[in-house]
Amino acid sequence: MSTSSSSPSPQSVPLPARPERESTLRQKKPPVWPIDASESVNAPLPALCARHNRAGGVCCKELKHDERTLIDPDVVRDVVIGLSDGLTVPFALTAGLSSLGESRLVVLGGIAELIAGAISMGIGGFLASQAERDHYRYLRHHTRARVVRSCAGEMEREVAEVLGPVGVDDRTCAAVAKCLRDVEGEHDPDQPPAPADEERLRWSNDVGLTAFLLKFGQGLEEIPTLRLYISAFTIGMGYLLGGLIPLLPYFFIPHAHTALFYSSLVTGLVLLVFGAVKSRVTGAGAGFRGYVWGAVSTLMVGGVAAGAAFGIVKALEGGVE
């Protein structure tokens with residue numbers, strides 16, 4: 001007889017029940033405390049809610065009807081600038097060159113203008129963002145120096161000028177000013193920190209009275225360095241892609257006057273679509289009428305600009321003759 005046949009078979013043993021505390025920690029949603037329990041329970045402010053007093057236990061955070069996530073307005077602005085210029089300026093150029101009669105000349109001149117225009121627009125976006133960043137750092141340096149030299153009463157007055165128009169009383173403004181002065185660091189953010197203070201001063205530019213006065217008093221925020229390159233790339237590529245659209249018919253139609261008709265048709269259609277999409281992305285369109293108005297207004301602006309440029313070119317051409 002073999003040894004394996006004589007050995008007893010393994011038996012299943014039930015696992016111990018999971019402790020209640022561990023199962024609570026594994027829950028997906030954090031616990032919610034009633035608002036009136038804030039004094040008896042040391043609960044964080046985001047965990048307080050009045051759903052216990054509402055019918056059906058619905059939290060205010062769940063009462064969201066529009067779940068759209070809007071794109072960064074700076075990116076939208078750069079795309080609008082690039083595409084708008086790309087759809088109008090090259091179209092006006094190709095329309096003027098169409099009087100020569102050959103699509104080959106229009107294509108060569110249009111491509112040269114597209115490349116030069118895209119580079120110029122990208123550099124312009126980079127320099128504009130860089131100038132805005134440098135201006136913010138200049139104001140931050142002088143505002144911080146003024147905060148250090150000023151007394152508590154003057155800072156309370158400036159805080160009250162920002163919060164008072166929105167309904168905050170003087171007592172609360174004084175408390176806010178004192179709290180912001182307390183967290184205001186002693187290090188100048190324009191100077192490199194010491195190695196021992198580097199971790200503590202990592203977020204010093206975003207807190208304190210200086211940051212409050214710049215952000216809420218003057219509506220200014222520091223532009224990250226990456227934003228400079230994103231702005232240059234977005235504007236340049238927007239101009240390049242937008243400028244290719246009115247130029248496409250000239251690649252396939254040898255007669256320039258015929259290609260101009262199709263170029264106008266395609267450009268107008270793209271302007272309509274671009275205006276509707278812009279209204280959707282920026283949140284300006286509150287419905288079908290908003291999308292229609294965004295499309296029509298964009299077409300009108302682009303059409304007027306392109307028509308004016310084309311008319312001036314034709315007038316100059318007639319004067320030269």
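Below, all heavy atoms of this structure are taken into account, side chains as well, without hydrogens, waters or symmetry copies.
- Listed for the Thr94 side chain is a donor-acceptor partner under 3.5 Å among the backbone atoms of Phe91.
- For the residue pair Ile245 and Pro249, the shortest heavy atom distance occurs at O-CD, 3.7 Å.
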- Query: Checking salt bridge (charged side-chain N to carboxylate O under 4.0 Å, His left out) for the pair Glu158/Arg146: CA distance, chi angles, key distance, verdict?
  - Reply: CA-CA 12 Å; Glu158 294 197 17; Arg146 181 167 55 84; 2.4 Å; yes

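- Taking 4.5 Å as the limit, every side-chain heavy atom of Val147 sits out of range of all side-chain heavy atoms of His142.
- Listed here is the closest heavy atom pair of Gly243 and Leu114: CA-CD2, 3.3 Å.
- Among all heavy-atom pairs drawn from Gly122 and Ala232, the shortest one is O-CB, 3.2 Å.
- Rounded to the nearest 0.5 angstrom, Gln130 CD and Ile223 CD1 are separated by 10.5 Å.
- Residues His257 and Phe261 keep their aromatic ring centres 6.0 Å or farther apart.
- Counting all heavy atoms, side chain and backbone alike, Arg181 lies closest to Cys151 at NH1-O, 3.9 Å.
- Note that the CG atom of Leu87 and the CZ atom of Phe274 stand 7.0 Å from one another [nearest 0.5 Å].
- Using a 4.5 Å heavy-atom cutoff, the side chains of Leu299 and Leu269 are not in contact.
- Val183 and Leu209 fall into different hydrophobic clusters, where Ile, Leu, Val, Met, Phe, Trp and Tyr are joined by side-chain heavy atoms under 4.5 Å apart, directly or via other members.
- Between the side chain of Ser264 and the backbone N or O of Leu260, at least one donor-acceptor pair lies under 3.5 Å.
- The distance from atom CD of Glu222 to atom CG of Leu139, rounded to the nearest 0.5 Å, is 12.0 Å.
- Of the inter-residue distances, the one linking Met155 atom CE with Ser150 atom OG reads 3.5 Å to the nearest 0.5 angstrom.
- Ring orientation note: the planes of Phe212 and Phe216 are tilted relative to one another, at an angle of 30° to 60°.
- Rounded to the nearest 0.5 angstrom, Leu272 CG and Met300 CE are separated by 11.5 Å.
- No side-chain donor-acceptor contact under 3.5 Å links Ser120 to the backbone of Ala116.
- One hydrophobic cluster, built from ILVMFWY side chains closer than 4.5 Å, holds both Val166 and Val176.
- The shortest side-chain heavy-atom distance between Arg140 and Thr210 falls under the 4.5 Å cut-off.
- The minimum heavy-atom distance between Val168 and Cys173, with the atom names listed, is CG1-SG, 3.6 Å.
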- Query: For Asp169 and Leu163, what are the C-alpha separation, side-chain angles and deciding distance, and is it a side-chain contact (heavy atoms from CB on, under 4.5 Å)?
  - Reply: CA-CA 8 Å; Asp169 58 86; Leu163 299 180; over 6 Å; no

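- Summarising the local packing, CZ of Phe251 is surrounded by more than 12 heavy atoms from other residues, nucleotides or ligands at distances under 6.0 Å.
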- Message: side-chain contact (heavy atoms from CB on, under 4.5 Å), that's the test. Do Leu108 and Glu113 meet it? Break it down for me.
- Response: CA-CA 9 Å; Leu108 293 177; Glu113 195 280 333; over 6 Å; no

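- The salt bridge (charged side-chain N to carboxylate O under 4.0 Å, His left out) search around Arg133 returns none, not counting sequence neighbours.
- Within the 4.5 Å cutoff, no side-chain heavy atoms of Leu213 are placed close to those of Gln218.
- Distance alone, capped at 3.5 Å, is enough to place a donor-acceptor pair between the Ser103 side chain and the Pro254 backbone.
- A distance-only check finds no donor-acceptor pair linking the side chain of Ser263 to the backbone of Ala259 [under 3.5 Å].
- When hydrophobic clusters are built by joining Ile, Leu, Val, Met, Phe, Trp and Tyr residues whose side-chain heavy atoms come closer than 4.5 Å, directly or via intermediates, Val80 is not grouped with Trp293.
- In terms of modelled atom types and a separation under 3.5 Å, the side chain of Arg144 and the main chain of Ala211 share no donor-acceptor contact.
- Here the CD1-CG distance, from Ile235 to Leu240, works out to 13.5 Å after rounding to the nearest 0.5 Å.
- Electrostatic pairing of Glu132 and Arg137 does not count as a salt bridge here, judged by no charged N lying under 4.0 Å from a carboxylate O.
- Residues Ile230 and Tyr239 do not share a hydrophobic cluster, clusters being chains of Ile/Leu/Val/Met/Phe/Trp/Tyr side chains in contact below 4.5 Å.
- Transitive grouping of hydrophobic side chains (ILVMFWY, heavy atoms separated by less than 4.5 Å) brings Phe252 and Val107 into a common cluster.
- When all heavy atoms of Ala256 and Val106 are compared, the closest pair comes out as CB-CG2, 4.4 Å.
- Taking 4.0 Å as the cut-off between side-chain N and carboxylate O, Arg157 and Asp170 do not count as a salt-bridged pair.
- With Ser297 contributing its side chain and Gly294 its backbone, the two residues share a donor-acceptor pair below 3.5 Å.
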